[in-house]
Chemist: 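Have a look at the structure that comes next, please.
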Amino acid sequence: MIDTALQSTFDEVLRRNPGEPEFHQAVREVFESLEVVQARHPEYSDAGIITRLCEPERQIIFRVPWVDDHGQVQVNRGFRVEYNSALGPYKGGLRFHRSVNLGIVKFLGFEQIFKNSLTGLPIGGGKGGSDFDPHGRSDGEVMRFCQSFMTELWRHIGEYTDVPAGDIGVGAREIGFLFGQYKRLTNRYEGGVLTGKGLDWGGSLVRKEATGYGAAIFADEMLRARGTGVEGRRVSVSGSGNVAIYAIQKVRQLGGIPVTASDSSGYVVDEDGIDLELLQQIKEVERGRIGEYEERRGGRARFVADGSVWDVPVGIALPCATQNELDADAARTLLGNGVEAVSEGANMPSTPEAVALFREAGIAFGPGKAANAGGVATSALEMQQNASRDTWTFEYTEERLTQIMRSIHTTCLETAEEFDRPGDYVLGANVAGFRKVADAMMAFGVV
Ligand code: GLU
């Protein structure tokens, strides 16, 4: 529910951005939390803060032509949405996946503004990507695509302007090709222009692990606030990319039992706990399918091609795959099986109906912009190391990450309390993330 003033702003968002359902969904969710802020701070609406926040500062769309291994010319579309720079240079990942379009990039960029604000670090919000799908492409094809992508993007980015990183389909291999081309085009070794770099050339320890670690830590914090924790609980994780793999690792370290992993072909259940090394071998090294896990686990795991990973009874669910992967039916099943906490490792993985069910049931629900902020927070730590030409140890960097996740958790909880909605992490995350950006925008005047 949103009030009349917000409703007319939202109607305007719908009118100006037709055919972008994910973007509408992300905006609506934030608006639903902002009603309480409007009531206490009319100065924000007087300054047009919400209207301005809905319009990206700059949107770049470009052609990405490249030649495949058969000598055929391929054309993809590249995007970078520089959404909001009130708190720092635009910061956010690049997604390479065939589903990528402007609406998806705008939803991700919009979420990123509030997420980055919540980290407490000086980073604005942005996002980008392409409808290029690296799956099934050779290293040479991926390299040529990345080089062509950067040949356009380089003029728009910089350590004080816009700092891309990875997201779905963009890992260390892609960041390497992108950085190599940026360096060649500019003739400058500007480590701070991209994050998620390799450890030998300006990357940060813990960056690879950070999003998944953070989502597991956030689940633990939410449960601790209720007197328990991850320890001893069965946990379902969806996905098998970077976020899922390291969420599984951190769940184990916290004493939980991660029993699932998935990809677009289905999911595996392993009652003994997912064998992380095997999963990494299949997914990170061989870039294979999840079904191979069952074959190579010698009868101890079960592969399910149809159905939903959320059918598996667990105490904690960590959706770490993609947007809208957990719908109302899945939420009902999880609640029926007694789930106590859901911590979103992916961006907007639960549909609005699923979120409503979790909130009504009063379980601990950590929305992505809080629960998965560990990745971008550690990117900001990578930027700090690049700026000071220093490298930190794994232990120190992980400690910083843990502190940041704890502080995000406290901020969400305290803000929810302040607005008379105790335990509502959605409201807490949206309001706390919004207020910082809004105050900076107020200070800058109408720009
Ligand atoms: N793509 C990640 C996210 O959704 C990380 C972005 C970054 O490190 O800049 O937050």
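Keep in mind it's a predicted model, so treat the numbers as computed, not measured. First listed ligand is number 1; within each ligand, the first listed atom is number 1.
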Chemist: Identify all N/O pairs between ligand 1 and the protein with a separation under 3.5 Å and present them as a table of atom names and distances.
Modeler:
unit_1   : atom_1 : unit_2 : atom_2 : d
ligand 1 : 1 (N)  : K127   : NZ     : 3.2
ligand 1 : 1 (N)  : G166   : O      : 2.9
ligand 1 : 1 (N)  : D167   : OD1    : 2.8
ligand 1 : 4 (O)  : K115   : NZ     : 3.0
ligand 1 : 4 (O)  : K127   : NZ     : 3.0
ligand 1 : 4 (O)  : N347   : ND2    : 3.1
ligand 1 : 8 (O)  : R207   : NH2    : 3.0
ligand 1 : 8 (O)  : S379   : OG     : 2.6
ligand 1 : 9 (O)  : K91    : NZ     : 2.7
ligand 1 : 10 (O) : Q112   : NE2    : 3.1
ligand 1 : 10 (O) : K115   : NZ     : 2.8

Chemist: Between R52 and E55, does any side-chain N to carboxylate O distance fall below 4.0 Å?
Modeler: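 Not counted as a salt bridge, because no side-chain N and carboxylate O are separated by less than 4.0 Å.
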Chemist: With side-chain contact (heavy atoms from CB on, under 4.5 Å) as the test, would you mind laying out the steps for T211 and Y246 before giving the verdict?
Modeler: CA-CA 8 Å; T211 313; Y246 295 100; over 6 Å; no
Chemist: Please step through side-chain contact (heavy atoms from CB on, under 4.5 Å) for the pair T351 and E325, ending with a clear verdict.
Modeler: CA-CA 7 Å; T351 64; E325 55 161 310; over 6 Å; no
Chemist: Do R289 and S264 pair up side chain to side chain, a donor and an acceptor below 3.5 Å, judged on atom types alone?
Modeler: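 Looking only at side-chain atoms, S264 and R289 do form a donor-acceptor pair, the distance falling under 3.5 Å.
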Chemist: Compare all side-chain heavy atoms of L279 with those of S240 and state whether any distance is below 4.5 angstrom.
Modeler: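 Yes. Closest side-chain heavy atoms under 4.5 Å.
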Chemist: Within 45 degrees of the ring normal and closer than 6.0 Å to the centroid, is that where the cationic atom of R28 sits relative to F10?
Modeler: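 Positive - R28 is close enough to the ring of F10 and near enough to its axis.
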